[in-house]
Amino acid sequence: MDEKKAVIILFGGSGDLAKRKLYPALFQLFNRGELQDHFAVIGTARRPWSDDYYQEIVTAAVTNLPQATPKKVAAFASHFYYQSHDVTDAEHYVTLKTLAQKLDDKYGVGGNRLYYMAMAPNFFGTIASHLKSEKLLTDDGFNRLVIEKPFGHDYESAKTLNDSISATFNEDQIYRIDHYLGKEMIQALLALRFGNQFFEPVWSNKYIDNIQVTLAEVVGVEERAGYYETAGALRDMVQNHIMQLLAYLTMKKPTAFTADAVHAAKDEVFNALHPYTVAEASANFIRAQYTEATIDGKTVPGYRQEDGVAPDSMTETFVAGKLQLDMPEWRGVPIYVRTGKRLTQKSTQVTITFKPTAPNIFAANGENKPNQLTIYVEPKEGYSLQINGKNMGQEFELENETLSFTHDDKSVNKAPEAYERLLLDALSGNQTNFTHWTELAQTWQFVDVIRKAWDQMPNMPTYAAGTMGPVAAAALLEADGHHWVFQPTKIELAD
Ligand code: NAD
């Protein structure tokens with residue numbers, strides 16, 4: 001294994017993301033030997049912390065991880081340095097540059113720099129421009145920027161942000177995180193599609209009837225109201241995670257398993273997204289907000305009653321929609337997507353329903369159900385395939401059977417976390433699992449029309465917490481003669 005060498009400069013070193021995700025991910029890379037002696041992390045934030053105090057924070061964030069022996073944790077934490085840094089103050093970048101150079105020499109990293117923006121997005125442009133004006137980028141080694149979502153809140157703001165970071169970094173230096181792309185089962189989707197001879201030939205409108213994607217959460221908005229009120233389910237989940245999943249589900253086989261080829265295949269899908277007019281968007285995408293309900297004997301508040309949410313909030317906590325692709329392979333195949341908070345069961349899953357066999361020679365022998373392939377992304381991780389077999393016995397009766405495979409808990413626990421994988425990818429210079437600007441531009445433009453349609457509607461539909469969303473979500477599919485395959489509960493009957 002090639003040890004990765006870099007000075008990692010983390011903007012937002014005292015933040016929630018850093019503590020919950022990034023320090024544990026870096027520790028796992030250290031534990032695996034991907035990071036060894038030749039790395040240092042400079043955490044920056046506004047607070048006046050010392051290196052010692054920062055190392056205590058880092059230690060606390062990793063100490064309960066498996067394999068975190070005190071010795072290993074101490075060795076890991078010794079690579080962390082802190083700088084009190086106001087991102088709007090040019091002077092602070094001069095100090096940062098000196099510290100980075102000092103650590104570069106001390107740890108022998110050869111000028112490699114990874115800049116990680118784990119801060120509120122309104123600072124991203126400011127940081128990037130200061131990195132340039134204060135000449136932090138090195139001439140030897142690599143300079144890579146890792147940038148968190150949300151990447152803008154519509155096409156215009158995303159473009160402004162992209163222009164500002166592009167003034168400092170080239171596209172091949174920018175690693176835009178969509179942590180879904182680091183998930184095991186999202187990656188497994190590519191293995192399933194392109195690693196098996198028997199799926200690819202049937203993967204088109206000739207054999208596939210419809211595709212359904214569900215990203216269901218049980219939790220409400222929790223402590224994130226400040227952010228969520230400005231985002232809503234459409235921006236928070238559809239523009240990024242759902243769109244990326246859609247691309248992986250429908251893209252053609254890339255010419256190679258490389259970043260360029262995968263991005264080109266995804267771009268083709270996003271280019272083919274059937275554009276909706278505002279009127280079509282309101283017919284094909286519905287939204288709703290959860291209301292108070294009693295779940296397992298406990299009353300949970302409605303969205304508008306949550307801390308930090310406006311009593312007349314028009315932010316949606318649920319989206320269901322139908323997408324279509326203007327590609328010869330996919331014309332006529334509806335792709336139904338939905339996501340929401342306070343739904344019945346936490347689950348991310350995809351179901352591909354195939355067309356019935358034709359002609360059906362078994363019409364007199366029981367129900368010939370369509371084949372269905374389900375990919376369980378989380379929390380369960382695996383696949384199932386519904387096929388028709390024969391009921392054992394004298395009579396010739398069809399019987400619907402399920403072939404299934406689920407990863408056991410041990411393998412799931414051993415698999416790298418999304419952030420671990422993505423940080424290693426960024427350190428290795430592999431952009432395959434990151435989003436390209438063109439993908440963002442296309443998906444924002446698609447989503448902006450839906451937002452525009454909703455902004456013209458005065459009413460916010462609702463659903464009771466603990467259900468799978470409003471009745472309109474079911475009606476959307478019923479209009480096409482379909483239904484949601486994943487139905488952990490009866491859908492609320494009153495809107
Ligand atoms: P946070 O509010 O917990 O942390 C923000 C950090 O920025 C802190 O370290 C703070 O000191 C620093 N900061 C704020 N203003 C500053 C200034 N003027 N100068 C220097 N430092 C300043 O935020 P977070 O939850 O860690 O999120 C960070 C980013 O990651 C956001 O873009 C967020 O949308 C994204 N994100 C977070 C999560 C998560 O699980 N927390 C998940 C996905 C994406």
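For ligands, and for the atoms within them, numbers begin at 1 and follow the listed sequence. No hydrogens, no waters, no symmetry mates; every other heavy atom, side chains included, goes into these values.
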Pick one of side chain, backbone, both or neither for how M117 approaches ligand 1, counting any non-hydrogen atom pair under 4.0 Å.
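Within the 4.0 Å criterion, M117 makes no contact with ligand 1.
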Under 4.0 Å between heavy atoms, the region of R46 that gets near ligand 1 turns out to be both
I need the full list of side-chain hydrogen bond (donor to acceptor under 3.5 Å, both in side chains) pairs touching residues 161-182, with sequence neighbours left out, sorted by first then second residue.
K159-D163, N162-R176, E171-R176, D178-H241, Y180-T348, Y180-E378
Could you tell me the residue and atom name of the protein heavy atom closest to atom 25 (O) of ligand 1, and the distance to it rounded to 0.1 Å?
D16 CB, 3.5 Å
For atom 35 (C) of ligand 1, what's the nearest protein heavy-atom neighbour? Residue, atom name and distance, please.
K149 O, 3.3 Å
Using a strict cut-off of 4.0 Å, indicate which atoms of ligand 1 neighbour a heavy atom of F123.
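Counting atoms of ligand 1 from 1, those under 4.0 Å from F123 are 15 (N), 18 (N).
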Numbering as shown, the atoms of ligand 1 that approach G12 to under 4.0 Å (heavy-atom distance):
6 (C), 7 (O), 9 (O)
Does atom CG (D260) have a neighbourhood of more than 12 heavy atoms from anything else shown, all under 6.0 Å?
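Counting other residues, nucleotides and ligands, CG of D260 stays at 12 neighbours or fewer.
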Does one side chain, of Q239 or T443, offer a donor that lies under 3.5 Å from an acceptor on the other?
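Their side chains do contain a donor-acceptor pair, which is all the 3.5 Å distance test asks for.
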Any salt bridge between D236 and K149, counting N to O under 4.0 Å?
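Answer for the salt bridge query: yes.
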Does any N or O atom in M119 lie less than 3.5 angstrom from one in ligand 1, N or O only?
yes
Between L10 and Y23, does the side-chain contact (heavy atoms from CB on, under 4.5 Å) criterion hold? Intermediate values first, please.
CA-CA 11 Å; L10 180 57; Y23 300 145; 3.5 Å; yes
